[in-house]
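In what follows, every heavy atom counts, from backbone to side chain, and hydrogens, waters and symmetry copies are set aside. This is a predicted model, so every value here is computed, not measured.
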Amino acid sequence: MSGVDRPLSGIQIVDLVRGPLAATTRYLAELGASVTRLDDGETEPSLDDLIANIGKARAASLTDGLLESADAIVFDAAGAVDVEALRRRRPALVTMAVSDFGTDTRFSSWKGSDLVLHALSAELSRSGIAGRPPLPPPGQLAYQCAASQAAYALTVSLYHALRTGKGDHLDFSALDGAVQALDPGYGINGSATLGKPAHLLPRDRPPKGFQYPILPCADGHVRICLLAKRQWQGMFRWMGSPAAFASPEFEKVGVRYKSPDLIPAIAAFFADRGRADLEREGQAHGVPISAVLTLPEFMASDHVAAREALIEIDGAKLPNGVVTIDGARMGPSLVAPRAQAWPAPVAAGRRAFEGLKVLDLGVIVVGAEQGRLLADQGAEVVKVESRAFPDGSRQSYLSYGLSVSFAAGHRNKRGLGLNLRDPRGRALFLEMAAKADVILSNFKPGVMESLGIDHATISKINPRIIMSDSSAFGATGPWAERMGYGPLVRAATGLTTAWRYDDDPESFSDSITIYPDHVAGRIGAMAVTALLIRRLRTGRGGSASVAQSEVMLNHFAVDVARASLGRTEAAAGWRDAVFPAAGDDEWCVVSAPSEPARRALRAVVGGDDQASVGAWIAARTADEAMHELQAAGVAAARMLRVSELPDFAYFRERGFYRVERHPYLAEPVVAERNHARGAALDDALSAPAPLAGEHTKALVAEWLGLSEVEVEALVDAGVLEPLEPEILASATAAIQGEGDPKVA
């Protein structure tokens with residue numbers, strides 16, 4: 001590990017953050033930045049604080065020398081740092097103020113908590129089971145995802161500053177970060193909604209067992225994800241090809257979901273088998289399946305051991321980093337500052353990734369997000385697809401493979417149809433790779449090698465290439481070749497088990513969340529940006545790898561440590577709760593973790609027990625309760641639904657959302673305006689997402705200089721796969737009101 005050139009080596013950061021967002025700079029520390037935090041030693045740090053600050057150096061006081069040598073300073077928005085004076089002296093400095101609600105709206109003084117962020121991000125409205133109260137997700141998922149978003153934003157601004165000499169001040173809001181990175185209602189939705197907008201989900205929570213069914217077996221439970229046609233065919237053969245499900249109609253996801261007999265039949269088939277046998281047999285038949293494990297079971301697995309995903313520090317086990325760079329884990333490490341050798345800045349651009357060329361092989365949500373983040377900030381991102389293996393996100397309520405979900409996840413990209421199974425297609429890809437800066441993928445491990453387009457191959461023809469891959473369980477270890485979707489990763493890592501009502505062991509409630517896909521995409525994009533920073537210093541590229549399962553381990557680091565120590569969190573009375581308010585299925589959350597918070601609560605309500613608070617809220621609308629409690633300094637929030645987000649005053653005042661139009665969609669595309677609030681970078685570009693293969697001919701002509709005759713010959717040979725006339729006709733007819741119906 002000592003010989004690894006961590007990509008952010010030479011970057012110096014001062015961290016003045018207290019609380020859960022202190023985890024922001026831990027990501028950069030693992031990637032090699034020298035992070036120094038202020039520690040006066042007067043208070044005993046909690047386990048949460050210790051974990052958030054692993055790998056950081058300590059300073060007893062904030063000296064001028066420390067501030068003057070920093071490339072970035074991250075601080076609590078309420079802290080006493082004269083940012084303007086620092087930035088006047090050092091125009092390349094990057095500063096970030098972190099808070100729950102930002103600094104520029106009427107909500108800036110509000111109190112936050114993880115549950116408040118869940119309520120105001122609309123994650124809470126999708127968590128739980130129909131007919132029951134909303135269920136707070138486990139752990140500190142909202143803050144952890146927000147910290148990941150902040151780390152990405154900070155890394156992008158550092159890259160832009162090093163490249164152009166122009167720093168920035170970021171006003172980072174935990175609510176903004178949670179909305180973007182946890183499970184954005186207006187982002188790409190994967191298969192959870194079949195491409196339909198999340199705001200069209202039922203008003204109540206989903207029914208029990210709604211999606212990605214969890215079924216009992218001889219020694220516990222397993223979860224299956226039957227999405228693609230070939231996966232259903234594998235399940236059908238595994239069951240012995242029962243005549244009741246032989247109709248070709250069962251190859252359609254919607255038909256399978258609506259069948260009253262299919263899931264009971266699969267449950268009966270599983271009932272007398274054990275989890276390990278079902279996993280082995282299912283994988284042999286091409287069926288995505290996972291045992292539903294607890295966190296300690298996952299920690300004790302041979303896969304975690306083989307990947308060295310945990311490290312022991314002071315007797316406790318902790319996640320051993322969340323990114324692999326050049327084949328080496330970026331685990332906790334105090335990295336000494338190295339002499340910087342950055343090139344002279346070039347003329348300032350208004351977007352961080354201007355001039356970069358990216359080949360994007362990513363699919364579903366993780367793949368979509370990595371490329372989209374780079375495209376938003378000016379990179380030329382080419383989405384490479386093939387007709388034989390289409391992106392699962394093309395599965396849609398519209399026949400031409402487009403949806404508002406896909407449009408949000410792939411904006412600002414251009415579409416290239418290319419048959420990589422054909423040697424001529426591979427040769428074309430390699431020619432483009434020689435001109436590219438970045439290649440993104442999230443196939444099952446081994447696919448890139450089988451296609452002959454892996455990092456070892458491409459780096460020989462392009463030593464500056466940066467490649468990033470993401471997979472469910474990582475590129476190595478006994479589970480590496482498992483088919484993995486987010487629901488299976490959640491099941492295998494213990495999150496699904498933790499996401500249940502206390503009184504119902506069968507109430508698994510994570511069925512429609514997209515976690516950890518969006519946040520894994522951001523961590524991958526952060527790693528790419530860190531490698532771009534190293535490339536400024538060294539001139540060479542590198543590789544990054546992210547395992548979704550280890551993203552989860554990282555977010556539940558405190559639970560991992562407690563489990564390894566045999567400790568459980570001490571009960572201290574209620575601190576966070578969800579209460580029904582006046583109206584139909586309206587809810588207000590309240591967090592009172594400390595005596596000052598409970599004192600403020602008593603001043604408003606007259607008591608701080610659940611019965612008193614519940615009665616007080618029940619007599620008011622959720623909005624009224626939220627405003628009264630926040631005015632008194634109590635962390636409280638109305639539970640918003642996805643459809644309510646754009647009109648909520650906070651998001652309007654922050655200018656968080658914008659409405660985009662796609663030429664082949666009748667409905668508008670609501671999307672985030674930027675990855676963080678700053679001054680140096682322009683908002684995201686807004687070019688429409690491509691139809692499959694839409695820009696094929698133009699792209700190979702531009703990148704490779706192929707003539708029209710050469711292009712047409714490759715089309716005729718099936719090597720290039722441009723936009724099919726039937727797809728274009730269907731899309732055109734739909735937008736003219738002659739084809740597919742509008743989303744209702």
Side-chain angles (χ1 to χ4, degrees), residues 228-230 356-364 367-368 370-371 374-375 379-395 400-401 406 410 413-462 464-471 475 541 543 689-728:
K229 174 182 174 180
R230 65 184 180 277
L356 297 181
K357 290 178 174 290
V358 180
L359 294 173
D360 182 4
L361 294 159
V363 295
I364 314 292
Q370 281 196 77
L374 302 182
E380 181 185 357
V381 178
V382 176
K383 178 169 176 55
V384 183
E385 299 181 80
S386 75
R387 293 171 188 165
F389 299 94
D391 187 338
S393 294
R394 290 286 187 190
Q395 180 175 267
Y400 48 93
F406 190 92
H410 293 279
K413 301 180 185 180
R414 301 170 76 194
L416 170 66
L418 182 63
N419 179 7
L420 287 169
R421 298 289 182 183
D422 188 299
R424 292 164 294 180
R426 174 183 177 272
L428 286 175
F429 184 87
L430 289 176
E431 285 187 60
M432 296 182 77
K435 301 175 183 293
D437 295 282
V438 178
I439 298 175
L440 307 172
S441 67
N442 65 318
F443 299 128
K444 189 168 69 172
V447 170
M448 295 289 279
E449 287 79 2
S450 70
L451 292 171
I453 56 174
D454 55 298
H455 183 259
T457 300
I458 292 176
S459 62
K460 291 177 182 177
I461 59 174
N462 183 356
R464 289 174 55 81
I465 196 70
I466 290 168
M467 296 182 65
S468 173
D469 69 80
S470 172
S471 59
S543 65
L691 297 173
E694 183 175 354
H695 307 103
T696 299
K697 295 180 181 180
L699 281 166
V700 293
E702 293 169 17
W703 279 54
L704 305 178
L706 298 185
S707 69
E708 185 175 345
V709 172
E710 291 172 313
V711 169
E712 291 302 331
L714 289 167
V715 171
D716 292 341
V719 176
L720 292 177
E721 300 176 344
L723 176 61
E724 296 179 87
E726 297 81 3
I727 294 294
L728 179 59

| said: Working to the nearest 0.5 angstrom, can you tell me the gap between Ile453 CD1 and Met448 CE? | reply: 4.0 Å
| Should we say atom CZ of Arg387 is surrounded by more than 12 heavy atoms from elsewhere, each under 6.0 Å from it? | yes
| query | How far apart are the closest heavy atoms of Asn462 and Ala436, and which atoms are they? | reply | ND2-O, 2.8 Å
| said: Are the side chains of Leu374 and Leu440 in contact, using a 4.5 Å heavy-atom criterion? | reply: yes
| query | Roughly how far apart are Phe429 CZ and Leu451 CG, rounded to 0.5 Å? | reply | 9.0 Å
| note | Nearest heavy-atom contact between Ala375 and Lys413 is CB-CG, 4.4 Å
| query | Considering only heavy atoms from C-beta outward, does the side chain of Val363 approach that of Asn442 to under 4.5 Å? | reply | yes
| query | Checking Asp391 side chain against Ile364 main chain: does a donor-acceptor pair fall under 3.5 Å? | reply | yes
| Residues that Asp454 engages under salt bridge (charged side-chain N to carboxylate O under 4.0 Å, His left out), provided they are two or more places apart | none
| request: Find out whether the Lys NZ or Arg CZ of Lys435 is both under 6.0 angstrom from the six-membered ring centre of Trp703 and within 45° of the ring's axis. | output: no
| query | Rounded to the nearest 0.5 Å, how far apart are CZ of Arg426 and OG1 of Thr457? | reply | 6.5 Å
| field | Test side-chain contact (heavy atoms from CB on, under 4.5 Å) applied to Thr696 and Val715, step by step | value | CA-CA 10 Å; Thr696 299; Val715 171; 5.9 Å; no
| field | Electrostatic pair Arg414-Glu702, nearest N-O below 4.0 angstrom | value | yes
| task | Determine whether the side chains of Ser468 and Gln370 contain a donor N or O and an acceptor N or O closer than 3.5 Å. | result | yes
| field | Validation row: Leu361, Ile439 side chains within 4.5 angstrom (heavy atoms) | value | yes
| Side-chain heavy-atom pair Leu720, Leu418 within 4.5 angstrom cut-off | yes
| Does some side-chain heavy atom of Leu416 sit less than 4.5 Å from a side-chain heavy atom of Val700? | yes
| Got a second to check how far Arg421's CZ is from Ser386's OG, nearest 0.5 Å? | 8.0 Å
| Given Ile465 and His455, is the side-chain contact (heavy atoms from CB on, under 4.5 Å) satisfied, shown in steps? | CA-CA 8 Å; Ile465 196 70; His455 183 259; 4.2 Å; yes
| query | Are any of the side-chain nitrogens in Lys697 or Glu712 under 4.0 Å away from the carboxylate oxygens of its partner? | reply | yes
| remark: Separation between OH (Tyr400) and CG (Leu723), nearest 0.5 Å, reads 12.0 Å
| request: Just jot down the salt bridge (charged side-chain N to carboxylate O under 4.0 Å, His left out) partners of Arg424, sequence neighbours excluded, or say none. | output: Asp422
| remark: Correct closest heavy-atom pair for Glu385 and Gly693 would be OE2-N, 4.3 Å
| field | Any donor-acceptor N/O pair, Glu710 side chain to Ser707 backbone, under 3.5 Å | value | yes
| field | Heavy-atom pair of closest approach, residues Ala689 and Glu694 | value | O-OE1, 4.3 Å
| field | Any donor-acceptor N/O pair, Asp437 side chain to Lys357 backbone, under 3.5 Å | value | yes
| task | Quick one: closest heavy-atom pair of Pro690 and Gly415, and the distance? | result | CB-N, 3.5 Å
| task | Evaluate the criterion side-chain contact (heavy atoms from CB on, under 4.5 Å) for residue pair Leu430 and Ile458; output intermediate values, then yes/no. | result | CA-CA 7 Å; Leu430 289 176; Ile458 292 176; 3.9 Å; yes
| task | Return the minimal non-hydrogen interatomic distance between Asp360 and Gly362, and the atom names on each side. | result | OD1-N, 2.8 Å
